[in-house]
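The basis for the numbers below is simple: all heavy atoms, side chains too, and nothing from hydrogens, waters or symmetry mates.
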Amino acid sequence: MPCYKTRSLLRGLIFSSSSLMDKYNQMISTLVTHSGVPEELQPDIAAAIRAYSLGWSMTTVPGLVTLLIKVLLARVNKDRDRVKMLLKTLLPLLRHSLTHNGFPFVTAGVFSSYKVVSFVLRRVFHLDMDEKKERINKIITTASVLWLGRTLFPSMPTLDMTLTVFSRAVDVVGYSLHDSPWAQSLPWWWLEYSSVTAFTAVTSEVLFTWIYDPTRLPRSYAKWISNIGSFDERILVALRAMRTGDIVYGVSG
């Protein structure tokens with residue numbers, strides 16, 4: 001029965017999240033449609049807003065979840081002073097996520113800036129944007145966005161951005177291979193479960209690294225896993241010592 005209730009709860013959360021995302025996307029589309037933006041640019045502006053929201057949630061939601069868990073634990077322990085202290089950090093956290101967090105800016109810029117620039121070049125400067133010019137525009141505009149993001153937000157962690165862009169690139173390549181004639185000759189189970197296999201492999205590698213050598217992970221990721229996991233530090237120390245040979249099972253020390 002508990003397992004059934006857990007699955008029902010998870011299905012309910014997934015359905016609720018999906019419904020909220022649909023409503024959010026509809027709200028953005030409606031907002032952009034009535035904003036006076038040229039119709040040709042409306043899909044790109046909507047994509048930029050969604051990309052900004054995605055970048056903001058990727059960098060801020062883990063901190064909000066961690067704060068929420070700490071508040072709930074403090075409430076369970078009836079520590080009102082700690083609850084008040086934690087809640088006071090909420091506004092600074094949100095303010096910092098908007099004023100010192102360049103990742104959403106870069107995400108939105110990379111997704112849509114080159115299309116806006118292309119629109120300006122065609123409509124204002126009356127340039128004929130053929131395929132070659134569009135490709136050059138993408139390279140220059142994307143590089144400019146990355147440089148501007150690094151300039152405006154010097155404390156932005158570049159490793160997080162690199163991992164995100166690399167993961168997205170691998171995802172795009174994977175989908176391209178999936179639709180190619182070459183992939184059709186592969187066994188059906190390879191196409192059906194390759195994404196699950198890749199996710200499991202990446203997750204296993206991340207957890208393995210976090211347990212045995214957390215300094216190899218981006219500091220924000222390692223800290224987030226540590227806060228969410230709440231593992232006993234003595235177990236981690238023992239596992240690392242066993243791997244290095246400082247502790248040998250069955251041998252007194």
Side-chain angles (χ1 to χ4, degrees), residues 10 13-14 17 51-73 86 89-90 92-111 142-143 145-175 193-249:
L10 289 175
L13 289 174
I14 294 173
S17 301
Y52 186 95
S53 303
L54 176 63
W56 181 86
S57 63
M58 291 176 63
T59 53
T60 307
V61 169
L64 293 176
V65 171
T66 301
L67 178 61
L68 176 60
I69 292 174
K70 290 180 179 179
V71 170
L72 292 176
L73 291 175
L86 290 170
T89 65
L90 178 59
L93 174 64
L94 294 175
R95 189 183 306 115
H96 186 274
S97 71
L98 296 174
T99 58
H100 292 78
N101 182 12
F103 189 70
F105 168 81
V106 171
T107 305
V110 167
F111 267 90
T142 302
V145 168
L146 295 174
W147 173 82
L148 187 60
R150 188 59 178 168
T151 302
L152 296 176
F153 306 94
S155 60
M156 180 178 59
T158 56
L159 184 56
D160 292 8
M161 182 170 59
T162 301
L163 289 174
T164 302
V165 173
F166 177 76
S167 301
R168 177 58 180 161
V170 172
D171 184 53
V172 171
V173 172
Y175 273 102
Y193 298 109
S194 58
S195 59
V196 177
T197 303
F199 175 79
T200 304
V202 171
T203 304
S204 301
E205 180 65 22
V206 169
L207 290 178
F208 180 88
T209 304
W210 176 76
I211 292 174
Y212 293 111
D213 193 2
T215 57
R216 293 174 57 195
L217 291 174
R219 185 167 52 184
S220 59
Y221 288 176
K223 182 179 178 181
W224 179 67
I225 295 174
S226 300
N227 291 336
I228 294 297
S230 299
F231 287 92
D232 190 331
E233 186 66 24
R234 294 171 296 180
I235 297 178
L236 298 177
V237 171
L239 289 172
R240 291 163 188 165
M242 292 176 66
R243 184 168 184 262
T244 58
D246 296 334
I247 296 179
V248 180
Y249 181 76

Using the test side-chain hydrogen bond (donor to acceptor under 3.5 Å, both in side chains), find all partners of [X] that sit at least two apart in sequence or belong to another chain.
X      : answer
Thr151 : none
Thr142 : none
Thr99  : none
Ser53  : Tyr24

Under the rule for side chain to side chain contact (heavy atoms under 4.5 Å, CB included), what residues qualify as partners of Leu90, not counting sequence neighbours?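 Partners of Leu90 by the side chain to side chain contact (heavy atoms under 4.5 Å, CB included) criterion, ordered by chain and then number, come out as Leu64, Leu67, Leu94.
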By side chain to side chain contact (heavy atoms under 4.5 Å, CB included), Arg234 pairs with (sequence neighbours left out) Asp232
If you round to the nearest 0.5 Å, how far is [atom2] of [Y] from [atom1] of [X]?
X      : Y      : atom1 : atom2 : value
Arg150 : Leu152 : CZ    : CG    : 11.5 Å
Leu54  : Phe103 : CG    : CZ    : 7.5 Å
Thr59  : His96  : OG1   : NE2   : 10.0 Å
Asn101 : Leu93  : CG    : CG    : 10.0 Å

Parallel, tilted or perpendicular: which one describes the rings of Phe208 and Tyr212, with boundaries at 30° and 60°?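 If you compare the ring of Phe208 with that of Tyr212, the planes turn out tilted.
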Note: Trp56 and Ser97 closest approach over all heavy atoms is NE1-OG, 2.9 Å
*Please name the pair of heavy atoms, one in Gly55 and one in Thr107, separated by the smallest distance, quoted to 0.1 Å.*
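Distance-wise, the nearest heavy atoms are CA-OG1, 4.1 Å.
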Requested in this report: Would you please test Val110 and Leu146 for side chain to side chain contact (heavy atoms under 4.5 Å, CB included) and show each step?
Outcome: CA-CA 8 Å; Val110 167; Leu146 295 174; 4.2 Å; yes
Name each donor-acceptor pair under 3.5 Å that joins a side chain in residues 236-243 to protein atoms two or more places apart or in another chain, with its distance.
from	atom 1	to	atom 2	distance (Å)
Arg240	NE	Ile211	O	2.3
Arg240	NH2	Trp210	O	3.3
Arg240	NH2	Ile211	O	3.1

